[in-house]
Amino acid sequence: MAKYTRLRGTTDFIPPQSEILRSTENKITETIKTFGFREIITPTLERKALFTRSIGETTDIVEKEMFSFKDKGGREVVLRPEGTAPVVRAYVEEGIYGRQKFVRYFYRGSFFRYEKPQAGREREFHQIGVEVLGCRSPYLDAEIIYLGVKILETLAIKDFTLELGSVGCLQDRKAFVEKLKVSLGNRVDLLCKDCKRRTEQNPLRIFDCKVKECRKLAEHLPSLLDNLCNDCKNHLHKVENTLKELHVRYHLHPHLVRGLDYYTGITFEFQHNLLGAQNTILAGGRYDNLVEEIGGAYTPACGFALGLERILLALKEEGKTPADRNGIQAFACYVSEKEFLPAFCLTQELRKRGITSDLDYSGKNLKHQLKSANRVKAKYSVILGEDEIKEGKVLLKNMDTGEQKLLSKEEAIEIIKQ
RNA sequence: GUGAGCGUAGCUCAAUCCGGUUAGAGCACUGGACUGUGGAUCCAGGGGUUGGGGGUUCAAUUCCCCUCGCUCACCCCA
């Protein structure tokens with residue numbers, strides 16, 4: 001047993017997992033960039049108040065899931081649990097809204113929540129998110145959802161469903177929660193323990209409950225979508241029409257609820273059908289009041305975040321895990337110790353010419369070195385012995401076919417590069 | 001935070017139910033058959049505090065308790 005182990009819920013990404021993570025991340029950000037987004041990099045550490053204010057005091061994230069501590073100056077700080085609030089904070093703090101009315105940012109990085117780990121849920125996890133600030137057009141909402149579709153398409157993820165909903169504007173939501181409480185009346189006692197708590201903290205969540213009694217009761221409760229104001233209704237319709245125009249298939253969810261308080265209006269979730277309990281791979285929505293909440297001028301906004309670990313799980317479930325590719329193109333070998341230095345120098349020269357190469361430092365025989373070459377799946381071995389040195393040539397061996405040729409260095413490089 | 005299942009070699013697992021000699025196998029690793037040629041084959045070898053601690057017993061990998069860890073689910077969320 002190792003003396004020092006990873007902290008619970010954290011992961012060591014070792015090759016090839018690290019490479020799969022990075023290449024997936026790169027594919028995603030390339031797609032995002034084609035939509036005009038530019039990267040914003042914000043600190044991992046933030047003031048605790050930023051999140052209590054934006055996500056909501058009574059949400060689980062704030063109440064019990066933040067890695068929080070006091071720094072040496074006595075400041076309450078946290079490892080960021082999500083990405084939207086920091087982006088908005090930077091937008092306000094850096095005065096961006098004064099210079100540019102409409103911006104598209106994307107971010108990527110580690111986020112932290114102190115939860116009990118399970119499939120698709122880590123304490124340190126990786127998200128990529130996009131945020132558009134300064135636009136309230138429903139076409140933009142549709143476009144952001146479309147970007148989500150495009151990302152999954154690029155990754156060849158197919159087995160997902162898109163849930164679309166609206167939580168309404170602040171007024172709608174306040175009014176609806178009141179209506180819900182009245183409608184619930186003294187039937188609150190019939191609800192499960194969790195739902196009793198929910199009626200106080202996030203009543204809309206009652207619709208998500210899996211307990212039979214609660215579901216039965218929920219059927220007779222008023223629907224959120226039926227209680228939207230005209231603006232919110234029209235907005236939703238326009239988003240729907242645009243999605244149809246873009247041939248995006250979605251499912252209208254009457255009670256799609258988000259766990260963060262800042263969402264207003266449109267919300268959406270991409271759920272993967274082969275994943276376990278944590279099956280939301282990409283989700284977001286509109287948050288028109290957050291910028292004001294954080295101290296900026298009224299700025300409507302919309303965005304989403306995707307969970308990289310969950311995307312990776314989805315790829316795995318669909319059998320699309322890329323093959324382990326070790327990039328060694330050429331492996332230099334020396335027949336005896338005398339040729340070690342020439343082989344060493346040859347390796348450096350190959351690298352200078354853009355060829356990924358390596359050699360075996362053990363000083364052992366050729367056989368051992370070829371084994372090493374085989375182990376790193378080298379495409380070619382370049383063998384240097386007394387004879388080769390004398391003739392100023394190298395012996396190029398194709399590791400797949402076993403075929404080998406005596407060539408000049410330049411000829412060998414040409415072939416390796418092909 | 002709650003619940004269930006599981007911790008045996010680097011990895012995947014067996015032996016645990018019903019306590020009993022030296023805890024086995026495959027893969028991986030090291031060396032040899034083969035001192036200028038890898039993958040295949042054969043032979044040999046190294047590797048274990050059975051997660052940790054305590055208890056019951058003549059005897060514990062096996063039974064009991066505690067603890068740590070992992071996994072999944074609830075909750076929550078990306």
Side-chain angles (χ1 to χ4, degrees), chain A residues 1-3 5-9 11 55 58-65 81-84 107-130 148 192-195 197-198 201-202 205 208-211 257-260 263 267-272 275-285 303-314 331 333-339 360 362 364-378 380-389 395-404 406:
Chain A
M1 261 307 130
K3 189 174 177 185
T5 55
R6 294 184 326 264
L7 242 27
R8 186 156 212 208
T11 311
I55 299 175
T58 60
T59 58
D60 273 23
I61 294 179
V62 165
E63 271 192 341
K64 46 194 189 196
E65 293 175 6
E82 62 103 40
T84 301
Y107 62 84
R108 54 178 142 182
S110 285
F111 295 86
F112 305 83
R113 289 181 203 172
Y114 197 87
E115 299 186 272
K116 203 155 172 183
Q118 72 186 68
R121 194 173 75 181
E122 306 287 322
R123 286 187 178 174
E124 179 181 13
F125 54 100
H126 296 80
Q127 284 194 166
I128 300 177
V130 304
C192 70
K193 197 175 72 206
D194 285 323
C195 281
R197 180 176 50 83
R198 288 180 178 118
Q201 301 200 337
N202 195 346
R205 279 268 176 214
D208 277 352
C209 191
K210 284 159 189 135
V211 177
V257 180
R258 315 262 57 235
L260 289 68
Y263 284 108
T267 57
F268 56 89
E269 260 183 44
F270 289 74
Q271 294 165 354
H272 197 266
L275 258 45
Q278 314 297 328
N279 65 345
T280 302
I281 50 177
L282 186 158
F304 68 66
L306 63 86
L308 260 178
E309 282 85 352
R310 290 186 189 177
I311 294 280
L312 260 33
L313 283 176
F331 199 88
C333 299
Y334 41 94
V335 172
S336 73
E337 218 183 315
K338 262 182 285 173
E339 292 87 27
D360 187 319
S362 70
K364 290 186 181 170
N365 59 24
L366 182 59
K367 178 191 166 118
H368 181 90
Q369 296 173 52
L370 283 168
K371 253 184 191 171
S372 299
N374 209 43
R375 214 180 314 238
V376 297
K377 299 187 182 87
Y380 291 96
S381 286
V382 188
I383 302 167
L384 288 177
E386 208 176 338
D387 302 345
E388 287 80 8
I389 300 279
L395 188 60
L396 185 71
K397 183 183 177 81
N398 183 317
M399 294 301 280
D400 290 327
T401 62
E403 187 188 358
Q404 48 189 45
L406 194 63

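Values in this document were obtained by computation on a predicted structure and should not be read as measured data. In what follows, every chain begins at residue 1, and chains take the letters A, B, ... in the order their sequences are listed.
Closest to the side chain of A:Ala283, out of B:rA78, B:rU71, B:rU2, is B:rA78. The side chain of A:Arg375 lies closest to B:rC29, out of B:rA73, B:rC29, B:rC76. Counting only heavy atoms from C-beta on, A:Gln404 has its side chain closest to B:rU37 among B:rA78, B:rU37, B:rC75.
The base of B:rU37 is not paired with the side chain of A:Gln369 by any donor and acceptor separated by under 3.5 Å. Counting distance only, with no hydrogens placed and no angle test, the side-chain atoms of A:Arg121 and the base atoms of B:rC76 include a donor-acceptor pair under 3.5 Å.
Not counting sequence neighbours, A:Arg198 has no partner by the salt bridge (Lys or Arg N to Asp or Glu O under 4.0 Å) test.
Looking only at distances, a side-chain donor or acceptor of A:Arg123 sits under 3.5 Å from a matching main-chain atom of A:Glu115.
In this structure, A:Lys116 places its NZ atom 11 Å from C1' of B:rC75, rounding to the nearest Å. Atom-to-atom, CG of A:Asp360 to C1' of B:rU30 comes out at 14 Å; the value is rounded to the nearest Å. Rounded to an integer number of Å, the gap from A:Asn365 CG to B:rU35 P is 8 Å. Atom CD of A:Glu65 is separated from atom C1' of B:rC74 by 13 Å (rounded to the nearest Å). In this structure, CD of A:Glu337 is placed 18 Å from P of B:rU35, rounded to the nearest angstrom. Put simply, CZ on A:Arg8 is 14 Å from P on B:rU67, counting in whole angstrom units.
Put simply, A:Phe125 rests on the base of B:rA78: the two rings are less than 5.5 Å apart at their centres and nearly parallel, under 30°.
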5' to 3', nucleotides 38-43 of chain B under a 4.0 Å protein heavy-atom cut-off (B base, S sugar-phosphate only, - none) gives BB----

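If you check every strand for non-hydrogen atoms under 4.0 Å, A:Asp60 touches sugar and phosphate atoms only. The residue A:Arg6 sits apart from the nucleic acid: no heavy atom pair falls under 4.0 Å.
Here A:Glu82 does not pair with A:Arg113 in a salt bridge; the nearest charged N to carboxylate O distance is not below 4.0 Å.
Distances shown here put every side-chain N or O of A:Gln118 at or beyond 4.0 Å from the OP1 or OP2 atom of B:rU71.
For RNA chain B, runs of at least 3 consecutive pairs of the Watson-Crick or G-U wobble type, with both hydrogen-bonding distances under 3.5 angstrom, map to B:1-7 with B:68-74, B:10-13 with B:24-27, B:29-33 with B:41-45, B:51-55 with B:63-67.
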